[in-house]
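This report refers to the structure that appears directly beneath it.
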Amino acid sequence: MTFEGKTCLITGAAGNLGRAVAAAFASAGASLILVDLDDKVLRSAYGRDDERKAFIGADLLDAASVTKAVATARFDRIDVLCNIAGPEDVWELMLDLNAKSVINTARAVVPKMLAAGYGKIVNIGAVAGLRGGAKMGAYSASKSAVIRLTESMSAELRDKGINVNCVLPSVIDTPQNRADMPSADPRRWVAPEALADVVLFLASDAARAIHGAAIPVTGLV
């Protein structure tokens, strides 16, 4: 898959999955707009910006902040939107962090895609969004909202040349999860790079016939 000549906007770009997805798109030739709450964190993760990548600090829960950030990005078009930003430990904000961030970025980016008549949006849900579980109410509800938003956005945009899909990982192999679950076997989890491969596929023209899908990516869990 090649993304030469295409621009990809990635939210949560300073996180573990965000960095893996950014690396995958960069290797495939894409230019990158990397978004996180603080552009200093992005510079720490990626070094200096250059002609192929731009850093944007934005509060994804603030629609005006997101719209301003996207408007000031130096790339004229956005071909791919990857909504990766998600919560760490702030349970009371999960619905906002998982669902509202998707709405705000879509409002800012979709008009550019509509003008171009082309776009790919990949949202990050979770297998936990398919069903509730003990002590998982807020998380499951927020990730279920991501799935429903994906389906609704797809129904609205599929005839406009825009594909909207989401991936549903189980446990992602991150340093945080290893620290939180020291007795678990991380070899059964999903490597960020493996999840990035699925994101790239959904963002490619090879997935042009896929609309509104919620694809489980569960490793051996």
Side-chain angles (χ1 to χ4, degrees), residues 1 3 6-12 17-18 21 25 30 33 35 58 60-67 69-71 73 77-87 93-132 136-170 190 195-218:
M1 288 178 287
F3 287 85
K6 289 185 166 58
T7 300
C8 177
L9 187 151
I10 302 171
T11 70
L17 180 57
V21 170
F25 274 107
I33 302 173
V35 182
L60 297 181
L61 303 186
D62 182 341
S65 174
V66 177
T67 299
V70 171
R77 59 182 289 165
I78 298 172
D79 301 286
V80 179
L81 168 61
C82 294
N83 282 308
I84 293 174
L93 290 180
M94 278 193 175
L95 192 59
D96 276 352
L97 287 167
N98 282 307
K100 189 174 182 180
S101 62
V102 171
I103 294 170
N104 286 344
T105 53
R107 283 175 175 164
V109 173
V110 166
K112 291 179 178 286
M113 292 180 170
L114 289 172
Y118 175 91
K120 309 285 186 181
I121 299 175
V122 184
N123 299 321
I124 307 298
V127 167
L130 296 174
R131 67 190 67 84
M136 294 284 288
Y139 184 75
S140 294
S142 66
K143 289 300 188 179
S144 180
V146 172
I147 299 171
R148 301 290 86 82
L149 283 170
T150 296
E151 294 166 346
S152 296
M153 290 167 61
S154 174
E156 294 173 13
L157 298 172
R158 66 179 64 191
D159 291 324
K160 312 287 187 181
I162 301 172
N163 297 69
V164 187
N165 297 289
C166 67
V167 293
L168 308 179
S170 53
V190 179
L195 188 55
D197 288 342
V198 182
V199 172
L200 253 69
F201 168 70
L202 290 174
S204 75
D205 288 335
R208 61 190 177 277
I210 303 177
H211 297 275
I215 300 178
V217 186
T218 60

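Because only heavy atoms are used, hydrogens play no part in the values below, and waters and symmetry mates are left out as well, while side chains stay in.
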Stepwise side chain to side chain contact (heavy atoms under 4.5 Å, CB included) test for I33 and T7
CA-CA 7 Å; I33 302 173; T7 300; 3.8 Å; yes
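- Scanning for side-chain contact (heavy atoms from CB on, under 4.5 Å) contacts around A58 gives V35, I56, S65, A69, with sequence neighbours left out.
- Between A85 and S101, the shortest heavy-atom contact is O-OG, 4.3 Å.
- Sorted by first and then second residue, the salt bridge (charged side-chain N to carboxylate O under 4.0 Å, His left out) pairs involving residues 114-127 (not counting sequence neighbours) are K120-D205.
- Between L168 and I147, some side-chain heavy-atom pair lies under the 4.5 Å cut-off.
- Considering CG of N104 and CG of N83, their distance stands at 10.0 Å, rounded to 0.5 Å.
- Residues V167 and I124 have side chains in contact (heavy-atom distance under 4.5 Å, counting atoms from C-beta outward).
- Using a 4.5 Å heavy-atom threshold, the side chains of L114 and I162 count as touching.
- When all heavy atoms of A126 and K143 are compared, the closest pair comes out as CB-CG, 3.6 Å.
- With sequence neighbours excluded, the residues forming a side-chain contact (heavy atoms from CB on, under 4.5 Å) with T218 are V127, S170, P216, listed by chain and number.
- L9 CG to I84 CD1: the interatomic distance, rounded to the nearest 0.5 Å, is 10.0 Å.
- In this structure the side chain of I210 reaches within 4.5 angstrom of the side chain of F201, judged on heavy atoms.
- Residue R107 qualifies as open at atom CZ: its count of foreign heavy atoms under 6.0 Å is 12 or below.
- At least one donor-acceptor pair closer than 3.5 Å links the side chain of S140 to the backbone N or O of A128.
- By the 4.5 Å heavy-atom criterion applied to side chains, R77 and Y118 are counted as neighbours.
- The shortest side-chain heavy-atom distance between N123 and L149 does not fall under the 4.5 Å cut-off.
- Contact annotation: the side chain of M113 approaches that of L81 to within less than 4.5 Å [non-hydrogen atoms, C-beta and beyond].
- Smallest separation of non-hydrogen atoms from N98 and V146: O-CG2, 3.3 Å.
- Within the 4.5 Å cutoff, the side chain of M153 has heavy atoms near those of the V102 side chain.
- Counting all heavy atoms, side chain and backbone alike, A213 lies closest to N165 at N-OD1, 2.8 Å.
- Atom NZ of residue K100 and atom OG of residue S142 lie 14.5 Å apart, to the nearest 0.5 angstrom.
- Residue L60 comes nearest to V66 through the heavy atom pair CA-CG2, 3.6 Å, listed as atom of the first residue, atom of the second, then distance.
- Of the options V164, N163, I121, a side chain to side chain contact (heavy atoms under 4.5 Å, CB included) to S154 is made by V164 and by none of the others.
- The distance from the CG atom of L202 to the CG atom of D197 is 11.5 Å, given to the nearest 0.5 Å.
- Taking all atoms of both residues into account, the shortest heavy-atom contact from L17 to A196 is CD1-N, 4.5 Å.
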